[in-house]
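The model shown is predicted, which means the values in this text are computed figures rather than measured ones.
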Amino acid sequence: MACSDANPPEVLRRAFEPSGDFEPLPEPVFGDWLSIRPEPGQTFEQFVRSKPNRPDNRRDTLYLQPLGEFPPGDSPSLIRLKELAEAFFAMDVRVRPTLDLSEVPVAARQNPGTGQRQLRTGDVIGFLQKRLPKDAFAMLGVTMEDLYPGPEWNFVFGQASLRGRVGIYSFARYDPQFYGEPRTGDWRKLMMKRSCKVLAHETVHMFGIPHCTAFRCLINGSNSLEEADSRPLHLCPVDLRKLHRSIGFDVVERYRRLLEFSESEGFDDEARWLRRRIDHITGTGQGLLR
């Protein structure tokens with residue numbers, strides 16, 4: 001859906017205005033991401049001036065690269081993560097054959113707090129960059145191994161190279177058993193939702209979009225699992241506009257596909273929000289018909 005940034009059609013104007021559907025990001029409290037790592041944020045105009053990577057006729061596919069084991073029943077479904085990525089980015093997404101970690105030259109350590117093995121993210125990112133397919137806009141490494149970026153960090157959920165078009169994401173900490181806690185009845189749904197968030201969050205960064213500091217948004221920074229859980233699965237209107245400029249998707253159709261996915265996974269809060277947002281953008285109540 002090509003358009004002028006200065007004079008968008010009505011449906012895009014509605015999509016890029018908050019209209020009460022987006023909560024401003026509150027002032028950080030001690031321990032929050034922004035209290036430890038203050039970030040300035042990025043306006044739409046700053047994003048355009050940064051000349052970020054964009055898909056084109058040669059590089060138009062997102063790849064998922066599993067690393068290590070994904071035990072059935074104990075890990076999120078790669079097929080469902082593929083479907084989420086296809087809906088979120090409106091791009092072709094392909095899952096590559098799983099790589100054994102013995103094939104990946106990566107430094108590892110034992111986390112002093114959990115005793116769990118961790119892989120160093122920079123090594124994995126460097127490895128993936130050398131294996132980037134020619135038609136790839138980006139390749140997303142996914143693993144059930146815990147991650148750390150350097151000795152001064154305890155862990156990270158994921159890390160991406162904005163210019164290198166590769167990233168690595170771990171789902172290890174989304175299982176209560178990682179912390180020695182019992183699994184509740186809805187642990188699989190919670191693990192899937194958390195996995196969807198980190199996958200989409202880190203992939204958004206590859207489009208040259210940094211952490212959001214204006215609204216509660218999928219790409220808010222997070223310093224803990226609790227802070228990550230507080231993020232929605234959708235983008236604020238500013239970051240949606242940035243992603244739309246890069247990809248050019250149909251905004252309403254994208255929201256409808258995300259609504260279908262959220263309903264099928266039982267993400268009830270997200271589904272209600274998506275219905276309300278579709279209703280606002282279309283002005284016809286179409287989001288309430290499902």
Which heavy atom of [X] sits nearest a heavy atom of [Y], and at what distance?
{"X": "Asn154", "Y": "Arg109", "answer": "O-NH2, 3.1 Å"}
{"X": "Val252", "Y": "Val11", "answer": "CG2-CG2, 3.7 Å"}
{"X": "Ser50", "Y": "Gln42", "answer": "OG-NE2, 4.3 Å"}
{"X": "Met206", "Y": "Ser161", "answer": "CG-O, 4.2 Å"}
{"X": "Gly73", "Y": "Trp187", "answer": "O-CH2, 3.3 Å"}
{"X": "Leu199", "Y": "Leu81", "answer": "CD2-O, 3.7 Å"}

If hydrophobic clusters are built by linking Ile, Leu, Val, Met, Phe, Trp and Tyr wherever their side-chain heavy atoms come under 4.5 Å apart, do [X] and [Y] end up in the same one?
{"X": "Met144", "Y": "Val104", "value": "no"}
{"X": "Leu225", "Y": "Val142", "value": "yes"}
{"X": "Met139", "Y": "Ile247", "value": "no"}
{"X": "Val198", "Y": "Tyr63", "value": "no"}

Can you list the steps and then say if Thr143 with Tyr169 is a side chain to side chain contact (heavy atoms under 4.5 Å, CB included)? CA-CA 6 Å; Thr143 184; Tyr169 326 110; over 6 Å; no
In plain terms, say whether [X] and [Y] are close enough for a salt bridge, that is, a side-chain N and a carboxylate O under 4.0 Å apart.
{"X": "Glu10", "Y": "Arg14", "value": "yes"}
{"X": "Arg54", "Y": "Asp60", "value": "no"}
{"X": "Glu86", "Y": "Lys82", "value": "yes"}
{"X": "Arg13", "Y": "Glu17", "value": "yes"}

cation_pi(Arg241, Phe44) dist<6.0 Å, angle<=45: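 Pair Arg241/Phe44 counts as cation-pi.
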Test: Arg216 cationic atom under 6.0 Å from Trp273 six-membered ring centre, within 45° of axis: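 Here Arg216 fails the 6.0 Å and 45° test against Trp273.
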Output, in order, the C-alpha distance, side-chain angles, deciding distance and verdict of side chain to side chain contact (heavy atoms under 4.5 Å, CB included) for Val238 and Thr43. CA-CA 7 Å; Val238 178; Thr43 66; over 6 Å; no
Give the intermediate values and the outcome of side chain to side chain contact (heavy atoms under 4.5 Å, CB included) for residues Phe47 and Ser246. CA-CA 10 Å; Phe47 168 76; Ser246 294; 3.5 Å; yes
Take atom CD of Glu69 as the centre, draw a 6.0 Å sphere, and report whether it contains more than 12 heavy atoms from other residues, nucleotides or ligands.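 Open: at most 12 neighbouring heavy atoms sit under 6.0 Å from CD of Glu69.
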Interatomic spacing from [atom1] in [X] to [atom2] in [Y] - rounded to 0.5 Å:
{"X": "Asp279", "Y": "Leu274", "atom1": "CG", "atom2": "CG", "result": "12.5 Å"}
{"X": "Leu67", "Y": "Ile168", "atom1": "CG", "atom2": "CD1", "result": "4.5 Å"}
{"X": "Leu240", "Y": "Leu218", "atom1": "CG", "atom2": "CG", "result": "11.5 Å"}
{"X": "Tyr174", "Y": "Cys196", "atom1": "OH", "atom2": "SG", "result": "10.5 Å"}
{"X": "Thr282", "Y": "His280", "atom1": "OG1", "atom2": "NE2", "result": "9.5 Å"}

Candidate pair Glu265 and Arg80, rule salt bridge (charged side-chain N to carboxylate O under 4.0 Å, His left out), full reasoning: CA-CA 9 Å; Glu265 288 292 335; Arg80 295 297 282 158; 2.6 Å; yes
Quick one: does [X]'s side chain have a donor or acceptor within less than 3.5 Å of a partner on [Y]'s backbone?
{"X": "His211", "Y": "Glu39", "answer": "no"}
{"X": "Glu181", "Y": "Gln177", "answer": "no"}
{"X": "Asp186", "Y": "Lys189", "answer": "no"}
{"X": "Asn220", "Y": "Cys212", "answer": "yes"}
{"X": "Asp175", "Y": "Ser75", "answer": "no"}

Taking the side chain as every heavy atom from C-beta outward, state whether [X] and [Y] have any atom pair closer than 4.5 Å.
{"X": "Arg59", "Y": "Lys134", "value": "no"}
{"X": "Leu140", "Y": "Gln65", "value": "no"}
{"X": "Arg117", "Y": "Asp146", "value": "no"}

Kindly assign one of parallel, tilted or perpendicular to the pair Phe157 and Phe155, based on the angle between their ring planes and the thresholds 30° and 60°.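 Answer is perpendicular, since the angle exceeds 60°.
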Please list, chain by chain and in numerical order, all residues satisfying side chain to side chain contact (heavy atoms under 4.5 Å, CB included) with Glu27, sequence neighbours excluded.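 Side chain to side chain contact (heavy atoms under 4.5 Å, CB included) check on Glu27 returns nothing, list empty.
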Would Gln116 and Asn111 count as a side-chain hydrogen bond (donor to acceptor under 3.5 Å, both in side chains) here? Give the steps. CA-CA 5 Å; Gln116 299 276 4; Asn111 183 282; over 6 Å; no
When the aromatic ring centroids of Phe207 and Phe89 are compared, is their separation below 6.0 Å?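 Yes, the ring of Phe207 comes within the 6.0 Å limit of the ring of Phe89, centre to centre.
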Given the rule in the side chain to side chain contact (heavy atoms under 4.5 Å, CB included) test, do Phe215 and Glu23 qualify, once you have shown the distances and angles that lead to the verdict? CA-CA 6 Å; Phe215 296 93; Glu23 179 185 350; over 6 Å; no
May I have all residue pairs that pass side-chain hydrogen bond (donor to acceptor under 3.5 Å, both in side chains) and include part of residues 229-239, sequence neighbours excluded?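 The answer is Arg194-Asp229, His201-Arg231, Ser222-Arg231, His234-Glu270, Asp239-Lys242.
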